[in-house]
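The chains referred to below are lettered A, B, ... by the order of the sequence lines, with proteins before strands, and numbering in each begins at 1.
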Amino acid sequence: MAAATPSSKRPAPADSSSLKPVKKTHWSQGLLASINDPNLTVESDDRIVIIKDKYPKARHHFLVIPKINIPNLKSLKREQSELLRYMEDQAKVLATKYPQNEFKYGYHAIPSMSQLHLHMISQDFDSPCLKTKRHWNSFNTRYFLDSSEVIRCLEERGMVVTMTPIAGEKLLDMPLKCHKCIYSPQNMPKLKQHLYKHLNN
DNA sequence: GTTCTAGAAC
DNA sequence: GTTCTAGAAC
């Protein structure tokens, strides 16, 4: 790696009087860029891409993303349940590389990022990126929709029934609770300290 | 989704 | 005084 870039070589701040404004992509579109970035890709075939989550909330945290454009759970059609099964199956194939780890497979009810993505996350929740109550509750309340239940709903009802954004916010604001015992910590640092007790190594 | 940080909570 | 959370980001 080269020495620190001299400040004189950094791009100058945009001069709004003379330059055309640069179109920046909104952060919520970040996954669409990740699909085509070979550096982030863990597995890929003609139907899906599996990438590492940019801010993993556990030791092993991946996203399974279909290559065809599917914005969210609401846009799913009944005939796409087979694709969801394929996504879960491929995630479970990847999980065999981590035999000592328990994984969960599911979707966030109200995701922030566009493009459907299946979370595959190890249940240690041992990560410096796990920082907030929202982070915790997004994987450890009903906000986390199990893949198998999403598929069942799509096949039985022809659509995925989730929840309103307000109901989602309520789940994210629930009191903290350990996913393996009855401990209800007052704050995130106490939860993170407690989680080490449930680790095998 | 994250970063930053003011001020609440301790 | 320090830790921790929660709201704005043009």
DNA chain B contacts made by [range], counting heavy atoms under 4.0 Å:
range                       : value
residues 27-43 of chain A   : A/Trp27
residues 54-62 of chain A   : A/Tyr55, A/Lys57
residues 180-199 of chain A : none
residues 110-121 of chain A : A/Ser112, A/Met113
residues 125-143 of chain A : A/Lys131, A/His135

Sort and list the pairs that fulfil side chain to side chain donor-acceptor pair (under 3.5 Å) and have at least one residue in residues 89-100 of chain A, not counting sequence neighbours.
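Those involving residues 89-100 of chain A are A/Glu43-A/Lys97, A/Glu88-A/Lys92.
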Going by the side chain to side chain donor-acceptor pair (under 3.5 Å) test, which pairs reach into residues 171-181 of chain A, not counting sequence neighbours?
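Checked against side chain to side chain donor-acceptor pair (under 3.5 Å) - neighbours excluded - no pair reaches residues 171-181 of chain A.
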Is there a path from A/Leu84 to A/Ile35 through hydrophobic residues (I, L, V, M, F, W, Y) whose side chains come within less than 4.5 Å of each other?
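Looking at the clustering, A/Ile35 is in a separate group from A/Leu84.
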Single-linkage hydrophobic cluster A/Val49~A/Met87, side-chain heavy atoms < 4.5 angstrom:
no
Span of DNA chain C, from the first to the last nucleotide whose atoms fall under 4.0 Å of chain A heavy atoms:
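The contacted stretch runs from C/dC4 to C/dT5.
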Do the rings of A/His60 and A/Phe62 sit parallel, tilted or perpendicular, given the 30° and 60° boundaries?
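Because their plane-to-plane angle is under 30°, the rings of A/His60 and A/Phe62 count as parallel.
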Which pairs pass ring pair (Phe, Tyr, Trp, His ring centres under 6.0 Å) with one or both residues in residues 66-86 of chain A, sequence neighbours excluded?
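Sorted result for residues 66-86 of chain A: empty, none.
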Run the ring-ring contact (aromatic ring centres under 6.0 Å, His included) test against A/Phe144 and tell me which residues pass, sequence neighbours left out.
A/Phe139
Under 6.0 Å between ring centres: does that hold for A/Tyr143 and A/His108?
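Yes, ring centres under 6.0 Å apart.
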If you look at every heavy atom in [X] and [Y], which pair is closest and at what distance?
X        : Y        : answer
A/Ala58  : A/Ile121 : CB-CG1, 3.6 Å
A/Ser112 : A/Ser28  : O-CB, 3.5 Å
A/Cys178 : A/His198 : SG-NE2, 3.4 Å
A/Glu155 : A/Ser81  : OE2-OG, 3.0 Å
A/Phe125 : A/Leu195 : O-CD1, 3.7 Å
A/Ile51  : A/Ser34  : CD1-CB, 3.7 Å

Just wondering, do A/Ile50 and A/Thr41 contact through their side chains at under 4.5 Å, heavy atoms?
no
Quick one, A/Leu63 and A/Met113 - any side-chain contact, counting heavy atoms below 4.5 Å?
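They are not in side-chain contact.
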Who pairs with A/Arg59 by salt bridge (charged side-chain N to carboxylate O under 4.0 Å, His left out), at least two apart in sequence or on another chain?
A/Asp126
Supply the atom-to-atom distance A/Arg157 CZ to A/Arg152 CZ, rounded to the nearest 0.5 angstrom.
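The CZ atom of A/Arg157 sits 12.0 Å away from the CZ atom of A/Arg152.
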Side-chain donor or acceptor of A/Lys54 paired with backbone N/O of A/Leu31 under 3.5 Å:
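Pair absent, no side-chain N/O of A/Lys54 close to backbone of A/Leu31.
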Taking CZ in A/Arg47 as the centre, count heavy atoms belonging to other residues, nucleotides or ligands within less than 6.0 Å. Is the count above 12?
yes
Would you please enumerate the stems DNA chain C participates in, each stem being three or more consecutive Watson-Crick or G-U wobble pairs with both distances under 3.5 Å?
B:2-10 with C:1-9
